[in-house]
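Below is one structure; the comments refer to it alone.
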Amino acid sequence: MKLKDVDSKRQNFIISVVLLLIPMIALACRFDYYYDLNDDVLMKEILSGNYTGVPEGHNIQMLWLISAAISLLYRIVRIAPWYGVFLCTCQFGALLLILNRSFAICTSRKAKLTVGLVETLLFFSMMMEHLVAVQYTITCTMLAAAAAFWFLTSKPQKEPVPFIRSNIPAILLVFLAYLIRSEMLLLVLPMICVAGVVKWSFEEKVFTKENFMKYLGVIGLILLSLLIGEATHRIAYGSKEWRSFTTLFDNRTELYDFQQIPSYQANKEFYDSIGISESEQILFDNYNFGIDEEIDETIMGQIADYAGELNQEAQPFIPKFQKYFKLYVYRFLGGPASTGSDYPWNYMTILLYITVFLLALCQGWNTEDKRHYGIWKHRMVTGLSILWKLCFIFAVRSVLWMYILMGERFPDRITHSLYFMEFVVLAGILFVLIMQKHGHGRTQLVRMTMLICFGLFSVLLLPGKIGEVSQDQKYREQQNEPYLQVYEYFAHHPENFYFMDVYSSVSYSEKMFANVDNGIHNYDIMGGWASKSPLYRKKLKVYQIPDMEEGLLSMDNVYFVRKKAEDMHWLSNYYESHGENIKITLVETIDNVFEIYRIEAANL
């Protein structure tokens with residue numbers, strides 16, 4: 001490698017790090033980094049040893065390879081916030097890679113600073129809330145987007161081996177994304193394939209033996225890496241206990257995430273047929289199904305299947321498709337005044353579609369090859385060449401959007417992920433066009449206009465985004481205050497164990513790097529995605545609790561916790577349906593929000 005190339009790469013890296021480090025430090029000073037959801041907190045607890053007392057490699061949500069690696073770090077240095085460090089490193093690392101890779105189109109330090117500044121503003125105006133309140137679904141998508149960008153912007157190679165070797169980082173990024181959140185990676189994988197097809201189409205001669213070997217080689221290695229991740233995961237979860245729980249987990253996900261729990265009165269005949277009473281059905285409504293040992297993967301699957309049948313009857317495919325297609329169009333085209341639209345993500349994406357198309361046309365206008373075709377014929381060929389690529393991307397994104405809308409599950413962490421993926425793929429195509437020909441005149445005008453537009457758009461959005469994140473931080477602090485007090489109460493009574501009503505636990509979000517404590521926690525929620533898992537059994541065993549129902553009833557050091565606003569009649573009704581009349585005694589009130597109760601058999 002030439003010394004000049006080494007210096008250029010070093011310069012690119014330094015500029016990228018500085019441009020990202022400044023806003024990262026600013027965010028750290030202005031805000032606290034949070035785990036966005038309870039899911040992320042529980043994953044951290046499992047990995048760190050908070051859950052069972054020992055760092056666990058079976059994280060349930062992530063694939064085993066990456067879970068085992070993170071838990072190993074906790075075993076080596078127990079006091080460090082490894083999971084938070086890992087997620088933030090992945091996210092900012094993905095941004096760093098995209099930013100550094102973008103400098104390939106720049107011919108001067110001034111150009112690098114300009115492009116880098118605009119991209120950094122874009123990143124933080126679009127993703128600030130997800131960089132501050134971190135969620136592993138977003139982390140997965142950012143890695144996948146970085147992989148697509150790397151692949152699209154890799155240097156042309158005629159020989160298969162150098163081409164494949166140069167794209168090993170992209171393969172590894174896809175592999176890591178799959179290990180972190182396999183379902184999300186599979187959702188955005190079609191966009192990575194789109195990036196591959198577009199990259200292939202830029203070859204001078206498309207259908208050659210070398211090109212088939214190059215691109216199918218990269219695709220093959222990606223698929224092989226996914227197979228390795230999935231195979232090792234299945235082996236690690238191959239015991240009878242883990243297989244049963246995995247089925248329960250999948251059925252629970254289907255029921256709670258994609259269906260509606262059937263009401264008891266309207267579906268009494270069905271519930272009677274599977275042996276579920278009204279007091280037991282309520283456990284599905286309030287998520288506290290962990291108390292009932294009879295609720296297993298079979299019952300959960302039967303209810304999920306039945307709920308799916310009811311949903312299909314209530315919403316036939318054609319009317320449902322028409323309903324969500326209208327919603328798709330509304331979300332994509334709606335502006336800031338349109339409630340429920342995807343602004344500003346949609347406007348930025350539309351602007352990038354237009355920019356790519358105009359830049360391709362201008363470069364076709366300037367190229368010397370037009371003399372072989374005739375001026376207008378060449379312009380038509382150039383326009384059609386870029387148009388089919390953009391139509392292809394838009395068609396795939398439309399299918400993905402309709403899939404999540406029809407599934408009736410589209411939180412921001414998924415919709416923003418799809419937009420980020422699409423935006424980065426389009427940006428990759430833009431950079432490929434710029435790298436192909438450094439044109440003048442109209443081409444230069446489009447490029448400068450693009451930078452100005454995206455820069456101004458980002459600057460205009462940034463104050464509002466900072467305000468949103470500030471408001472979110474204040475809300476989290478207010479919501480967390482009573483939780484911090486009740487968890488401190490638990491810590492001061494390590495001899496006891498506390499089962500918390502699920503709806504009473506959902507408002508808590510934990511700081512990633514403040515007050516790190518990786519010791520075992522003497523509490524658990526009464527349902528949720530880790531309920532009834534081997535890890536849950538292991539946790540109860542540490543406190544010598546046979547099961548939740550028996551522990552609450554017969555053990556003096558096991559308590560029930562709820563927020564005052566949450567109902568607790570379901571608990572007495574449940575025990576009565578199981579032949580136990582109970583006495584519920586209030587033991588403690590925390591911050592006038594949480595109540596702690598002792599449950600014992602009533603003397604009749």
Side-chain angles (χ1 to χ4, degrees), residues 126-127 130 135 137-138 140-145 147-148 174 177-178 181-198 226 250 253-260 304-305 307-336 338-354 356-357 386-429:
M126 292 170 68
M127 300 292 289
H130 301 301
Q135 216 281 327
T137 299
I138 297 287
C140 166
T141 308
M142 292 178 72
L143 292 171
V174 174
Y178 186 70
R181 184 64 164 147
S182 57
E183 296 90 342
M184 193 65 210
L185 188 276
L186 293 176
L187 179 64
V188 299
L189 188 60
M191 292 300 289
I192 298 177
C193 294
V194 167
V197 171
V198 171
L226 302 189
D250 292 340
T253 301
E254 175 64 26
L255 177 61
Y256 282 101
D257 292 354
F258 300 102
Q259 307 298 340
Q260 291 185 346
D305 291 341
E309 293 172 3
L310 293 179
N311 188 27
Q312 287 184 355
E313 291 176 4
Q315 299 188 85
F317 178 80
I318 298 300
K320 185 178 181 180
F321 180 86
Q322 293 172 337
K323 169 186 173 183
Y324 283 109
F325 182 75
K326 292 178 181 178
L327 178 61
Y328 166 68
V329 174
Y330 174 82
R331 290 181 65 122
F332 185 67
L333 297 180
S338 302
T339 304
S341 75
D342 289 315
Y343 179 86
W345 291 86
N346 53 350
Y347 275 30
M348 282 192 173
T349 304
I350 292 169
L351 179 60
L352 193 50
Y353 271 102
I354 296 171
V356 172
F357 183 70
I386 194 61
L387 188 60
W388 80 259
K389 294 179 178 68
L390 296 179
C391 289
F392 182 39
I393 295 172
F394 191 80
V396 172
R397 71 96 60 189
S398 298
V399 171
L400 295 178
W401 268 89
M402 287 304 297
Y403 173 76
I404 65 167
L405 292 176
M406 293 283 286
E408 298 182 320
R409 180 167 172 76
F410 37 92
D412 286 348
R413 61 184 178 274
I414 294 179
T415 58
H416 290 179
S417 289
L418 289 180
Y419 269 113
F420 185 77
M421 189 75 196
E422 181 181 16
F423 193 89
V424 170
V425 169
L426 287 168
I429 297 173

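Hydrogens, waters and symmetry mates play no part in the numbers below; they use all other heavy atoms, side chains included.
Aromatic rings of Y343 and Y347 (six-membered ring for Trp) have centroids within the 6.0 Å cut-off, being under it. Annotation: W401 is not in aromatic contact with F394 [ring centroid separation under 6.0 Å not met].
N311 CG to F258 CZ: the interatomic distance, rounded to the nearest 0.5 Å, is 12.0 Å. In this structure, CD1 in I404 is found 6.5 Å from CD1 in I414, a value given to the nearest 0.5 Å. A distance of 12.0 Å separates CG of L189 from OG of S182, quoted to the nearest 0.5 Å. Residue R331 holds its CZ atom at 9.5 Å from CG of N346, rounded to the nearest 0.5 Å. Rounding to the nearest 0.5 Å gives a distance of 10.0 Å between CD of Q135 and SG of C140.
Heavy-atom contacts from other residues, nucleotides or ligands closer than 6.0 Å to OH of Y403 number 12 or fewer. In this structure, E408 places its CD atom where more than 12 heavy-atom neighbours from other residues, nucleotides or ligands lie under 6.0 Å away.
Partner of Y419 under the side chain to side chain donor-acceptor pair (under 3.5 Å) criterion, out of D342, D412, T349: D342 alone.
Of all the heavy atoms in K389 and V198, the pair that sits closest is CD-CG1, 3.9 Å. The shortest non-hydrogen separation linking A177 to A144 is CB-N, 4.2 Å. Nearest heavy-atom pair, Q260 versus A307, reported as atom, atom and distance to 0.1 Å: O-CB, 3.4 Å.
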Kindly determine whether L187 and T141 satisfy side chain to side chain contact (heavy atoms under 4.5 Å, CB included), including the steps that lead there. CA-CA 9 Å; L187 179 64; T141 308; over 6 Å; no
List the steps, then state whether side chain to side chain contact (heavy atoms under 4.5 Å, CB included) holds for L143 with L185.
CA-CA 9 Å; L143 292 171; L185 188 276; over 6 Å; no
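Counting only heavy atoms from C-beta outward, the side chains of V396 and M191 approach each other to under 4.5 Å. Taking the side chain as every heavy atom from C-beta outward, M421 and V194 never approach each other to under 4.5 Å. M184 has its side chain out of reach of I138: every pair of non-hydrogen atoms, C-beta onward, lies at least 4.5 Å apart.
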